[in-house]
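Only one structure is covered here, and it is reproduced in the block below.
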Number of protein chains: 2
Amino acid sequence: MHKIPNIAVIRLALYAKHLEMLHNDGVELVSSVKLAKMCGANPAQIRKDLAYFGQFGVRGVGYYVKDLLGALKEVMGTNRTWRLGLFGVGNLGKALLGFEQFAQRGFVFTAAFDKDLDLVGTTVAGMEISQSEDIKEVIKGPGCFDIAVLATRADRAQDCSLRIVEAGVHAILNFTPVRLVLPDNVFVENVDFTVRLHALCYSLTTGSDVTQRHPR
Amino acid sequence: MHKIPNIAVIRLALYAKHLEMLHNDGVELVSSVKLAKMCGANPAQIRKDLAYFGQFGVRGVGYYVKDLLGALKEVMGTNRTWRLGLFGVGNLGKALLGFEQFAQRGFVFTAAFDKDLDLVGTTVAGMEISQSEDIKEVIKGPGCFDIAVLATRADRAQDCSLRIVEAGVHAILNFTPVRLVLPDNVFVENVDFTVRLHALCYSLTTGSDVTQRHPR
DNA sequence: CAGGGATAGTGAACCTTTTCACAAGACTGG
DNA sequence: CCAGTCTTGTGAAAAGGTTCACTATCCCTG
Ligand SMILES: NC(=O)c1ccc[n+]([C@@H]2O[C@H](COP(=O)([O-])OP(=O)(O)OC[C@H]3O[C@@H](n4cnc5c(N)ncnc54)[C@H](O)[C@@H]3O)[C@@H](O)[C@H]2O)c1
Ligand SMILES: NC(=O)c1ccc[n+]([C@@H]2O[C@H](COP(=O)([O-])OP(=O)(O)OC[C@H]3O[C@@H](n4cnc5c(N)ncnc54)[C@H](O)[C@@H]3O)[C@@H](O)[C@H]2O)c1
């Protein structure tokens, strides 16, 4: 029994993305070598990553795209729709709400919250905006969601995340630059692209690539 | 002479971010232990990362926030303003253009391009939008930029990135889900948050955290 | 100016992750 | 049905990264 490297799990999402593309293109069979080329990975790594979760290929043949995709979705829990709740309908929040491709990938916004009373009650991308304080009521109804997307102003992020957790939500995609301090049973993924911009600056300045072995 | 781990470089940006906060709060001195707590890192790692680039601390005392920040900025090439050119002024592009905090961190949009002729000529967040085809002219004038931010529709991304490279730009922050195929001397950082959402799904489904040892 | 308490810098040990290399199985054509 | 070819699955080796533990250095107090 092996321990599963955390990074393998994250790569699974990457593989699934590319399998989805292959599937859409009508490709039925793929080898680890071909998939690796698409993902910019090493074929042995793909095989090893998959091996942590089972045997999905056929020796001498390759992987059946549809089967592997289905298996990966099951492993990752993405063979269902996940409901998202947005906090902070500003610049970024509006872009996220209006991003149709989320739905194609199984993510649907069921609620949106803002502090600003001018926004509350208005509709953005077909979604009526609720007041942040009402989270506990909203979550009991059709606005119930599984994952919170945090895009409030930075100075409200900690505070807001606490209320999210209090309401019983245990997963947060955090777009604010704040490192949230929350109980251990809450899963947080931080997205900060200024850090990525800095990596580019370093590359341009020194001429040396900051190659990423891990997808990010 | 040691080889510098690429990930160390990326962490530098993280340290710099937190040093910036300390500096704004008027803190003058910080130890590796304190900084590690803020960043969610190990103190030895911080010291080791810094050691790759020089000696910035005082034994028995700690690091002078202002000095260390200055040193890191120099190492990373962020002690100057970097000019950004936006491609694709849609949902996401508008949010990026309107994000004032970029400027605070030394990143300024000097040009914005779109394919849509209804958008070209209009002004978004104080920026006049040019036609994608005009990149070569724009880059010769005051609209010149160092880093391209790619937020076009996915099916135009590869094509658009090629034209960016042709115009002489060698760094791209790529928000599209496409893996760009470009010459080796072009630096690309991919931002794909659906992959992060999938990691959350996995955590929620299995109950096991996908802890990130590396900042992303 | 000596002693105690901090804390950076760093070689070495340790741990994790990637890559290699090959056996096992699957298909093809004759 | 056999030989040749392809590709997965996987133990083992290699590479890469993190953490430990210790030394060197500094500051402060008496
Ligand atoms: N816009 C970008 O491109 C971008 C890029 C990177 C990071 N971010 C981060 O995303 C966050 C939002 O950025 P933005 O540009 O959309 O800012 P914004 O000021 O346009 O929007 C913030 C919104 O959050 C709302 N808000 C504040 N406190 C709230 C609370 N407690 N509950 C619910 N809503 C609340 C505000 O009313 C406002 O509508 C910021 O933390 C920013 O640092 C934004
Ligand atoms: N909106 C989001 O929250 C979000 C999230 C993740 C990823 N993305 C990705 O970012 C990209 C943009 O998303 P969006 O929601 O802003 O889409 P959008 O359709 O609102 O905007 C795309 C814009 O790009 C322009 N465009 C197309 N081809 C171009 C070219 N060759 N040169 C310049 N401009 C061009 C279009 O005219 C349009 O204005 C997409 O690839 C999407 O997958 C968006």
Side-chain angles (χ1 to χ4, degrees), chain A residues 1-12 14-15 19 22 27-65 67-69 71-72 75 208-216, chain B residues 1-12 14-15 19 22 27-65 67-69 71-72 75 208-216:
Chain A
M1 188 63 208
H2 284 275
K3 211 211 127 207
I4 296 170
N6 297 317
I7 309 175
V9 175
I10 292 170
R11 275 191 302 257
L12 249 45
L14 190 71
Y15 304 153
L19 287 169
L22 287 172
V27 179
E28 290 184 0
L29 194 64
V30 70
S31 71
S32 58
V33 174
K34 256 200 253 169
L35 187 58
K37 278 219 182 86
M38 294 180 69
C39 300
N42 177 302
Q45 178 156 74
I46 294 189
R47 297 202 297 273
K48 183 131 269 189
D49 284 346
L50 297 180
Y52 289 120
F53 300 96
Q55 304 200 162
F56 306 110
V58 185
R59 292 183 178 197
V61 178
Y63 300 93
Y64 289 98
V65 172
D67 294 354
L68 181 55
L69 185 55
L72 289 190
V75 166
S208 68
D209 205 345
V210 181
T211 30
Q212 297 156 25
R213 310 212 308 182
H214 316 306
R216 267 179 285 160
Chain B
M1 190 61 208
H2 283 275
K3 212 210 128 209
I4 296 171
N6 295 317
I7 310 176
V9 175
I10 292 171
R11 275 191 301 257
L12 249 45
L14 190 71
Y15 305 153
L19 287 168
L22 287 171
V27 179
E28 290 185 359
L29 194 64
V30 70
S31 70
S32 58
V33 174
K34 256 200 253 170
L35 186 59
K37 279 218 182 86
M38 293 180 70
C39 300
N42 178 300
Q45 178 154 74
I46 294 188
R47 296 201 297 273
K48 183 131 271 191
D49 284 347
L50 297 179
Y52 290 120
F53 301 96
Q55 304 200 163
F56 307 109
V58 184
R59 293 183 179 195
V61 178
Y63 300 93
Y64 289 97
V65 172
D67 294 354
L68 181 55
L69 185 55
L72 289 190
V75 166
S208 68
D209 204 347
V210 182
T211 30
Q212 298 157 26
R213 311 211 307 181
H214 316 305
R216 264 180 285 157

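Note on naming: letters A, B, ... go to the chains in the order of the sequence lines (proteins, then strands), and numbering restarts at 1 for each one.
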Exercise for review: Let me know the distance between NZ of A:K34 and C1' of D:dT8, rounded to the nearest Å.
Suggested key: 15 Å
Review point. Nearest to the side chain of B:Y63 - C:dG9, D:dT19, D:dG17?
Key: C:dG9
**Study point:** Nucleotide nearest A:R11 when distance is taken to its side chain, options D:dT8, C:dT18, C:dA8
**Key:** C:dT18
Check your understanding: Could you give the CG-to-P distance, from A:D67 to D:dT8, as a whole number of Å?
Key -> 14 Å
Review point. Would you call B:L50 and B:I46 a side-chain contact if the rule is heavy atoms closer than 4.5 Å?
Key: yes
Study note, to complete from the structure: The nucleotide from D:dT19, C:dT18, D:dG17 with an atom nearest the side chain of B:K48 is D:dT19
**Study point:** Where B:G57 and B:Y63 come nearest, the two heavy atoms and their spacing
**Key:** CA-CD2, 3.3 Å
**Study point:** With B:N42 via side-chain contact (heavy atoms from CB on, under 4.5 Å) - residues at least two apart
**Key:** B:A44, B:Q45
Point to revise | Rounded distance in Å - CG (B:N6) to C1' (C:dT17) | key: 15 Å
Revision key, fill the gap. Here the distance between atom P of C:dT19 and atom CD1 of A:I46, to the nearest Å, is 11 Å
Practice item. Starting at the 5' end of nucleotides 22-30 of chain D, put B wherever the base has a protein heavy atom under 4.0 Å, S where only the sugar-phosphate does, and a dash everywhere else. Key: --BBBS---
Check your understanding: Separation of A:L35 atom CG from D:dT8 atom P, in whole Å?
Key -> 10 Å
Review point. Atom OH of A:Y52 to atom P of D:dG9: distance rounded to whole Å?
Key: 14 Å
Review point. Got a sec, which residues hit side-chain contact (heavy atoms from CB on, under 4.5 Å) with A:V75, two or more places apart in sequence or on another chain?
Key: A:L12, A:F53, B:Y202
Review point. Nearest nucleotide by nearest heavy atom, which residue falls closer to the 5' end of DNA chain D, A:Q55 or B:A44?
Key: A:Q55
Check your understanding: When the distance from CG of B:N42 to P of D:dT18 is rounded to whole Å, what number comes out?
Key -> 10 Å
Point to revise | Interatomic distance, A:L72 atom CG to A:Y15 atom OH [nearest 0.5 angstrom] | key: 9.5 Å
Review point. Of the nucleotides C:dT18, D:dT10, D:dT8, which one has an atom closest to the side chain of A:Q45?
Key: C:dT18
Review point. How far does CG of B:D67 sit from CG of B:L19, to the nearest 0.5 angstrom?
Key: 11.0 Å
Check your understanding: Between A:L50 (CG) and D:dT10 (P), how many Å, whole number?
Key -> 11 Å
Practice item. Could you tell me whether the phosphate oxygens of C:dT7, OP1 or OP2, come under 4.0 Å of any side-chain nitrogen or oxygen in B:S32? Key: no
Anything under 3.5 Å between a donor and an acceptor, one on a side chain of residues 27-36 of chain B, the other on a protein residue two or more places apart or in another chain? List them.
{"from": "B:S31", "atom 1": "OG", "to": "B:V33", "atom 2": "N", "distance (Å)": "3.4"}
{"from": "B:S31", "atom 1": "OG", "to": "B:K34", "atom 2": "N", "distance (Å)": "3.1"}
{"from": "B:S32", "atom 1": "OG", "to": "B:R47", "atom 2": "NH1", "distance (Å)": "3.0"}

